[in-house]
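Notes follow the structure.
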Amino acid sequence: MNEKKYISFDIDGVLNDYPLCWLIYLNNYYLTNYTDIKKARLELGEEKYKKAKYLYRTSGYKLNIPFNFDGLELALFLKNQGYHILVSTSRPIYNRYYGDLKNLTSQWLIKNKFPYDEIVFKMDELVERKLYERIHLHIDDELSYAEKMTKLGVKSIIISRNKVLRKNTNIFYESSLLDVIDNWNRYK
């Protein structure tokens, strides 16, 4: 029996322009002009910040967040090559506090014609179900998740606009399984 081959995509920062999309919502909600999440969280305070984050996740606003079509193009290519597309997210998709966040996420992916086979909560589900054993490539924007994947033996790519991170990847994690790029063109 042939075992499925997976390519794993993170959502926020990979398939959309996070944190910009969150900062736009936050600034519109509080009529502010933050350009940095840490500063916004500190100045607004936890209660106000969490209130806006809750509404951001549950209001349906995320259904209209612009999609990164370079990620879509790559996913379509890989799907045509026989890969199964796994959306591996750190969004709290199973937390009842956030309502049906998994369904809202699925609607956004479908609306943008992203050819996914399954949405899972990383890292818990990837490890618990041993999905990582079938993942040929994981694409993320966060070094911490990419490191976790490489420690599980999964080749990982970080999409990052951070020039220091791209230039000094080996300082953070020495692994032939990790690559840091600033755009999708290298993998088209």
Legend entry - Heavy-atom pair with the smallest gap, counting every atom of A146 and S156: O-OG, 3.6 Å
Inset, instruction - Determine the minimum heavy-atom distance between G13 and D141, stating which atoms define it. - result: CA-OD2, 3.5 Å
Inset, instruction - Indicate yes or no: at least one non-hydrogen side-chain atom of I37 is less than 4.5 angstrom from one of L26. - result: no
Inset, instruction - Kindly say whether the aromatic ring centers of Y56 and Y54 come within a distance under 6.0 Å. - result: no
Inset, instruction - Evaluate the ring pair (Phe, Tyr, Trp, His ring centres under 6.0 Å) criterion for residues F67 and F114: first the C-alpha distance (whole Å), next the side-chain angles of each, then the deciding distance (0.1 Å), finally the verdict. - result: CA-CA 9 Å; F67 201 87; F114 189 78; 5.7 Å; yes
Inset, instruction - Working to the nearest 0.5 Å, report the span between CD1 of I7 and NZ of K155. - result: 11.5 Å
Legend entry - Side-chain donor or acceptor of K111 paired with backbone N/O of L63 under 3.5 Å: yes
Inset, instruction - May I ask whether L23 and L15 are part of the same hydrophobic cluster, defined by side-chain heavy atoms of I, L, V, M, F, W, Y residues being less than 4.5 angstrom apart, directly or through others? - result: yes
Inset, instruction - Taking the side chain as every heavy atom from C-beta outward, state whether I11 and V87 have any pair of such atoms under 4.5 Å apart. - result: yes
Legend entry - Residue that, paired with M149, satisfies side chain to side chain contact (heavy atoms under 4.5 Å, CB included) out of D140, L126, D10: L126
Inset, instruction - Output the distance between atom OG1 (T150) and atom NZ (K148), rounded to the nearest 0.5 Å. - result: 11.5 Å
Legend entry - N68 side chain vs G71 backbone, donor-acceptor pair below 3.5 Å: yes
Legend entry - Verify same cluster id: Y116, Y94 (apolar side-chain graph, 4.5 Å): yes
Legend entry - Any side-chain donor near an acceptor of the partner, K122 and Y145, under 3.5 Å: no
Legend entry - Test: R57 cationic atom under 6.0 Å from Y98 six-membered ring centre, within 45° of axis: yes
Legend entry - Close side-chain approach of L44 to Y30, heavy-atom, < 4.5 Å: yes
Inset, instruction - Compute the ring centroids of Y49 and W22, then answer whether they are less than 6.0 Å apart. - result: yes
Inset, instruction - Using modelled atom types only, decide if a donor and an acceptor are shared between the side chain of S106 and the backbone of K102 within a distance under 3.5 Å. - result: no
Legend entry - Axial cation check for Y34 ring with K39, 6.0 Å and 45° limits: no
Inset, instruction - Check whether any side-chain heavy atom of E118 sits under 4.5 Å from a side-chain heavy atom of R129, and report yes or no. - result: yes
Inset, instruction - Please round to the nearest 0.5 Å and tell me the distance separating atom CE of M123 and atom OG of S144. - result: 9.5 Å
Legend entry - CG on L109 to CD1 on I85, rounded to 0.5 Å: 11.5 Å
Legend entry - W108 side-chain N/O to N64 backbone N/O, donor-acceptor pair under 3.5 Å: no
Inset, instruction - With rounding to the nearest 0.5 Å, note down the distance linking CD1 in I159 to CZ in F9. - result: 9.0 Å
Legend entry - Joint hydrophobic cluster, F121 plus V14, side-chain heavy atoms closer than 4.5 Å: yes
Legend entry - Pair E46 + K51, salt bridge at N-O below 4.0 Å: no
Legend entry - Student check: side-chain heavy atoms of L55 and Y25 closer than 4.5 Å: yes
Legend entry - Nearest non-hydrogen partners of G99 and T58, listed with the distance: N-CG2, 4.5 Å
Legend entry - side chain to side chain contact (heavy atoms under 4.5 Å, CB included) evaluation trace for I119 with T89: CA-CA 7 Å; I119 302 173; T89 185; 4.2 Å; yes
Inset, instruction - Report yes or no: do I157 and L78 belong to one cluster of Ile/Leu/Val/Met/Phe/Trp/Tyr joined by side chain heavy-atom distances under 4.5 Å? - result: yes
Legend entry - Exam field: side chain N27 to backbone N33, donor-acceptor pair closer than 3.5 Å: yes
Inset, instruction - Determine, using ring centers only, whether Y83 and H136 are less than 6.0 Å apart. - result: yes
Inset, instruction - Given side chain to side chain contact (heavy atoms under 4.5 Å, CB included), test K50 with R41 step by step and report yes or no. - result: CA-CA 9 Å; K50 285 184 177 180; R41 191 174 202 146; 4.2 Å; yes
Legend entry - L86 and H138, any side-chain heavy atoms less than 4.5 Å apart: no
Inset, instruction - Give the cluster check for L104 versus V120: same hydrophobic cluster or not, with ILVMFWY residues linked at side-chain heavy-atom distances below 4.5 Å. - result: no
Legend entry - D117 vs K79, side chain to side chain contact (heavy atoms under 4.5 Å, CB included): CA-CA, chis, key distance, verdict: CA-CA 10 Å; D117 293 289; K79 189 76 171 163; 2.7 Å; yes
Inset, instruction - Measure the OH-OH distance between Y29 and Y61 for me, rounded to the nearest 0.5 Å. - result: 13.5 Å
Legend entry - Any donor-acceptor N or O pair under 3.5 Å, side chains N16, K62: no
Legend entry - Sub-4.5 Å side-chain heavy-atom contact between I158 and L143: yes
Legend entry - Any D70 side-chain heavy atom under 4.5 Å of L74 side chain: no
